[in-house]
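Keep in mind that the numbers below use all heavy atoms, side chains included, and drop hydrogens, waters and symmetry copies. Predicted model, so just to flag it, every value in this text is computed and none were measured.
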Amino acid sequence: MPATQKPMRYGHTEGHTEVCFDDSGSYIVTCGSDGDVRMWEDLDDDDPKSVNVGEKAFSCALKNGKLVTAVSNNTVQVYTFPEGVPDGILTRFTTNANHVVFNGAGNKIAAGSSDFLVKVVDVMDNSQQQTFRGHDAPVLSLSFDPKDIFLASASCDGTVRVWNISDQTCAVSWPVLQKSNDVVNAKSICRLAWQPKAGKLLAVPVEKSVKLYRRETWSNAFDLSDSSISQTLNIVTWSPCGQYLAAGAINGLIVVWNVETKDCMERVKHEKGYAICGLAWHPTCSRICYTDVEGNLGVLENVCDLRGKVSSNKVSSRVEKDYNDLFDGDDTSSAGDFLNDNAVEIPSFSKGIINDDDDNDDVMLAADHDLGDDENSVDVTMLKADLSHKEEGDDDQARSIHNLPLIRSQRPFYDGPMPTPRQKPFQSSSTPLHLSHRFMVWNSVGIIRCYNDDQDSAIDVEFHDTSVHHATHLSNAFNYTMGTLSHEAILLACESADELASKLHCLHFSSWDSSKEWIVDMPQNEDIEAICLGLGWAAAATSALLLRLFTIGGVQKEVFCLPGPVVSMAGHGEQLCIVYHRGTGFDGDQCLGVQLLELGRKKNQVLHGDPLPLTRKSYLTWLGFSAEGTPCYVDSEGCVRMLNRGLGNTWTPVCNIREHCKGKSDHYWVVGIHENPQQLRCIPCKGSRFPPTLPRPAVAILSFKLPYCQTSTEKGQMEEQFWHSVLFHNYLDYLARNGHEYEESIKNQAVKEQQELLMKMLALSCKLEREFRCVELADLMTQNAVHLAIKYASRSRKLILAQKLSELAAEKAAELAETQSEEEKEEDFREKLNAGYSHTTTEWSRPRVRSQVEDAEDREDTVSEEKPESHNHGQNLFQSANSSDTPALKSGSSQFQRASGISEFNSLS
């Protein structure tokens with residue numbers, strides 16, 4: 001079977017990172033540019049032991065309970081393992097040591113430095129040192145001959161040298177590398193390696209292949225390559241048995257060959273394509289650990305664990321279906337840990353190059369499947385290896401293989417897009433479930449913390465505003481894993497376990513009666529996967545693809561089906577936002593849909609399962625509403641998007657959190673969004689995706705910025721500011737449409753700010769002789785602002801522009817009058833209906849109708865007298881023209897308003 005790739009996790013800060021195993025394979029040891037050496041029991045170890053060895057650690061090696069490190073103070077230090085206690089300095093250089101290695105016995109180390117020197121030091125007696133001189137540039141890597149006779153080194157001077165350890169002389173030198181003046185400028189770190197045990201071969205990564213040199217003759221025995229290798233190889237390592245060789249490339253590709261048959265056994269690609277800079281083969285298992293230049297740690301399982309040692313040329317289209325630990329995995333800067341904690345089977349990509357004719361590849365493909373199942377089956381690879389020793393010609397070898405019977409027909413070859421593991425459900429602003437101390441939620445109302453250890457299992461609730469409710473301590477007997485908080489209630493939920501059903505638990509602390517708690521059990525085989533609270537209601541999405549609504553007091557309301565498995569939910573006031581899987585994504589993309597419902601008296605569905613836009617190869621990390629009620633969400637690439645109600649309910653990116661991060665491994669954990677004042681409230685996380693519960697993390701405020709072009713120019717800045725203001729004040733129109741209260745002064749200030757920006761942009765365009773652009777900007781202005789624009793154009797002696805703006809003002813006036821006329825007709829129609837009903841009901845309503853008619857006649861007389869006076873009288877006329885019995889009056893008023901509006905802007909121009 002192909003190798004399985006565990007999702008990578010964060011190990012160190014970005015920079016060169018190395019990895020090795022201890023003698024028994026019980027620990028994975030890494031070092032990085034943060035100066036720490038970490039000892040991991042396995043990849044899922046959330047609390048590895050960490051030892052700080054200096055400002056930066058460039059290399060580490062481990063043997064016989066001795067841990068040796070090359071650090072930034074130009075020294076090579078030794079520590080006890082696993083205690084991590086300093087045990088002295090082995091040697092010093094005039095500059096950084098770049099690589100350290102142990103010999104096979106573990107009694108000597110070799111270190112290569114940027115001062116061109118190589119030193120071999122006795123671990124027990126550091127006075128016993130040998131210095132090797134001859135390189136003309138910094139030393140890149142070293143490798144001991146297993147027999148302790150030779151030492152190989154690679155350097156930035158472009159050469160690979162083999163030294164006699166006894167007399168410190170150079171036995172051979174190969175100019176096979178590209179030259180560079182420093183390690184940081186080297187195209188490859190060229191981590192070479194001797195074959196274990198007998199040390200017959202020396203493997204050197206050169207460009208896109210691995211050159212293998214035969215011991216003592218120093219001839220190039222053969223090269224190993226593969227069609228999948230498109231970038232320079234960086235590092236090689238041998239399996240403990242010496243039969244397999246693994247290589248890592250600067251584009252993240254890891255390739256494994258069978259050295260005897262020269263077959264490519266495995267091809268695995270890094271999740272993000274980062275350069276591989278560390279490779280270590282487990283001393284007993286078919287496992288490889290690797291690190292990249294961003295400080296991440298990864299593991300390959302079942303490497304070359306093939307029955308019959310047949311080369312793996314097929315592509316598996318099967319991906320593991322069980323992703324139970326999504327969002328509960330280790331913290332890492334890669335997306336893999338949040339998509340799946342289990343292994344995802346990694347396919348091999350293409351046929352291996354085995355230095356034979358193309359016909360041989362066809363035979364290998366045909367014989368590729370499960371040859372080792374039957375004890376009587378033929379192992380084509382082993383027969384081929386035997387034939388290669390007996391037959392000298394390639395043609396004879398090919399003919400011999402063709403004579404073998406084909407065991408099974410060739411399966412279809414698929415190299416199309418691979419399906420993406422589905423993102424598991426999660427609660428926004430919560431930390432992973434596997435943590436013993438975690439945040440269940442952190443929102444604008446308060447914080448819910450969960451403590452789950454051997455002594456106690458409890459939940460603490462803290463409110464930002466203690467006037468809402470005092471802090472609460474709850475027992476967690478049912479092992480609640482989900483929680484959310486509002487100004488009315490605390491809502492908790494747990495999955496089913498053994499014979500206990502999945503439960504929804506609500507603490508309605510704002511209730512005026514004495515019974516403030518209620519619990520609902522879900523039906524059998526139905527688990528709650530996401531919960532949220534709104535104004536007077538609670539919602540729970542379940543594994544049965546159902547959404548269950550409850551009143552805040554515990555009354556069951558509507559139940560409806562979800563179009564797909566839920567990912568997350570959020571509530572605010574009467575609004576409910578649901579994100580779910582619309583289908584299967586490919587090539588790392590998630591396929592999500594979103595529904596937005598209004599659960600007030602007039603129930604309405606705003607978004608009907610529209611696709612949810614995400615950055616390529618990202619997933620959803622936060623879903624919620626702004627404090628003013630606008631739906632927002634954040635993806636794993638840090639893009640914050642907000643619903644633009646003014647543009648047909650589309651999604652607009654308003655911030656990129658990654659731009660605020662100092663390091664690539666740093667993140668911001670979103671806890672809330674405010675539109676007034678405009679604030680993105682986050683918690684900065686150094687080298688992590690989420691914060692610890694203790695000490696209490698501090699909240700940072702980030703600013704919003706729309707991704708407009710050329711924001712370094714004055715024009716681009718003003719354009720971004722204008723649409724920024726428009727977008728972040730759309731909520732006022734939403735509140736007005738739904739009958740909610742808001743401060744009129746906020747809207748007036750926003751309109752004033754927008755009109756000032758438009759006038760500035762018009763003035764800038766006018767100076768640049770962009771008169772057509774001026775008219776386009778004026779089209780966005782209010783009527784009064786257009787009049788100011790006409791004045792500005794006239795004073796600037798842009799007569800044609802002033803004329804065009806006057807025409808635009810006339811069009812706006814006509815449109816305004818037409819709109820008012822339509823509103824009046826609609827209102828008249830309604831009043832006629834009301835008047836008709838009042839005539840046919842009771843007699844006491846008739847005098848009120850007659851008085852309305854009389855009032856209208858009185859108003860008509862008044863208007864006829866005051867009609868020529870001013871525009872304000874026209875406004876009074878519009879306000880009085882509400883009677884169904886005065887149609888002539890209304891038509892006259894609309895004509896008057898149109899005429900007065902045109903005369904006004906003509907007088908201004």
Q: Could you tell me whether the side chains of E14 and Y274 share a donor-acceptor contact shorter than 3.5 Å?
A: no

Donor-acceptor check, side chain of [X] to backbone of [Y], threshold 3.5 angstrom: yes or no?
{"X": "E266", "Y": "C304", "answer": "yes"}
{"X": "N234", "Y": "I276", "answer": "yes"}
{"X": "T69", "Y": "V71", "answer": "no"}
{"X": "S59", "Y": "H99", "answer": "no"}
{"X": "R9", "Y": "L43", "answer": "yes"}
{"X": "N103", "Y": "N107", "answer": "yes"}
{"X": "D22", "Y": "G25", "answer": "yes"}
{"X": "K617", "Y": "D587", "answer": "yes"}
{"X": "N251", "Y": "G273", "answer": "no"}
{"X": "E18", "Y": "C277", "answer": "no"}

Q: Please report the C-alpha distance between N126 and D122 in whole Å, then the side-chain angles of each, then the deciding distance to 0.1 Å, and finally whether the side chain to side chain donor-acceptor pair (under 3.5 Å) criterion is met.
A: CA-CA 5 Å; N126 62 357; D122 191 290; over 6 Å; no

Just so I know, are the side chains of [X] and [Y] near enough to count as touching, which here means a heavy-atom distance under 4.5 Å?
{"X": "K56", "Y": "H16", "answer": "no"}
{"X": "L201", "Y": "V259", "answer": "yes"}
{"X": "S188", "Y": "L233", "answer": "no"}
{"X": "F116", "Y": "P138", "answer": "yes"}
{"X": "V210", "Y": "L245", "answer": "yes"}
{"X": "L253", "Y": "K269", "answer": "yes"}
{"X": "V76", "Y": "F93", "answer": "yes"}
{"X": "L67", "Y": "V37", "answer": "yes"}

Identify the heavy atoms of [X] and [Y] that sit nearest to each other, and give their distance.
{"X": "D125", "Y": "S127", "value": "OD1-OG, 2.5 Å"}
{"X": "G106", "Y": "K63", "value": "CA-CG, 3.6 Å"}
{"X": "T131", "Y": "Q168", "value": "O-OE1, 3.1 Å"}
{"X": "A193", "Y": "W238", "value": "O-NE1, 3.1 Å"}
{"X": "S155", "Y": "A137", "value": "OG-O, 3.1 Å"}
{"X": "R287", "Y": "F21", "value": "CD-CZ, 4.4 Å"}

Q. Mind checking what makes salt bridge (charged side-chain N to carboxylate O under 4.0 Å, His left out) contact with K686, not counting sequence neighbours?
A. D666

Q.
Tell me every residue that passes salt bridge (charged side-chain N to carboxylate O under 4.0 Å, His left out) with K119, counting only those two or more places apart in sequence or in another chain.
A. none

Neighbour count >12 (heavy atoms, 6.0 Å) for atom [atom1], [X]:
{"X": "K108", "atom1": "NZ", "value": "no"}
{"X": "E83", "atom1": "CD", "value": "yes"}
{"X": "K49", "atom1": "NZ", "value": "yes"}

Q.
Evaluate L202 against V204 for side chain to side chain contact (heavy atoms under 4.5 Å, CB included), listing each step before the verdict.
A. CA-CA 7 Å; L202 173 63; V204 182; 4.0 Å; yes

Q: Let me see the working for L142 and V118 under side chain to side chain contact (heavy atoms under 4.5 Å, CB included), right down to the final yes or no.
A: CA-CA 9 Å; L142 302 165; V118 176; 3.7 Å; yes

Q | Set of residues satisfying side chain to side chain contact (heavy atoms under 4.5 Å, CB included) with respect to A61, sequence neighbours excluded | A | V100, F102

Q. Taking only residues two or more places apart in sequence or in another chain, which ones pass side chain to side chain contact (heavy atoms under 4.5 Å, CB included) with T217?
A. R214, S219

Going by side chain to side chain donor-acceptor pair (under 3.5 Å), name the residues that satisfy it together with [X], two or more places apart in sequence or in a different chain.
{"X": "S141", "result": "none"}
{"X": "S113", "result": "D115"}
{"X": "S114", "result": "N98"}
{"X": "T30", "result": "H12, W40"}

Q) Yes or no on side chain to side chain donor-acceptor pair (under 3.5 Å) for D263 and N258, after CA distance, side-chain angles and deciding distance? A) CA-CA 5 Å; D263 292 337; N258 184 326; 6.0 Å; no

Q.
Show every salt bridge (Lys or Arg N to Asp or Glu O under 4.0 Å) that has at least one partner inside residues 154-178, sequence neighbours left out.
A. none

Charged N-O contact under 4.0 Å between [X] and [Y]:
{"X": "E637", "Y": "K272", "result": "yes"}
{"X": "D145", "Y": "K147", "result": "no"}
{"X": "D226", "Y": "R267", "result": "yes"}

(Q) Apply side chain to side chain contact (heavy atoms under 4.5 Å, CB included) to residues T159 and L177 and explain how you reach the verdict. (A) CA-CA 6 Å; T159 65; L177 306 178; over 6 Å; no

Atom [atom1] in [X], atom [atom2] in [Y]: separation rounded to 0.5 Å?
{"X": "I288", "Y": "W281", "atom1": "CD1", "atom2": "CH2", "answer": "4.0 Å"}
{"X": "T13", "Y": "E294", "atom1": "OG1", "atom2": "CD", "answer": "10.0 Å"}
{"X": "H667", "Y": "C661", "atom1": "NE2", "atom2": "SG", "answer": "6.5 Å"}

Q. Would T17 and D292 satisfy side chain to side chain donor-acceptor pair (under 3.5 Å), going step by step from the backbone distance to the final call?
A. CA-CA 6 Å; T17 311; D292 60 33; 5.7 Å; no

Q: Test side chain to side chain contact (heavy atoms under 4.5 Å, CB included) on V160 and V206 and set out the steps.
A: CA-CA 10 Å; V160 173; V206 179; 5.9 Å; no

Q) Taking only residues at least two apart or on different chains, which pairs with a member in residues 193-209 satisfy side-chain hydrogen bond (donor to acceptor under 3.5 Å, both in side chains)? A) Q178-E207

Q.
Filter on ring pair (Phe, Tyr, Trp, His ring centres under 6.0 Å), then keep only pairs touching residues 42-89, sequence neighbours left out; what's left?
A. Y27-F81

Q | ring pair (Phe, Tyr, Trp, His ring centres under 6.0 Å): pairs with one or both residues in residues 125-182, sequence neighbours excluded | A | F132-W163, H135-W163, F150-W218, W174-Y213

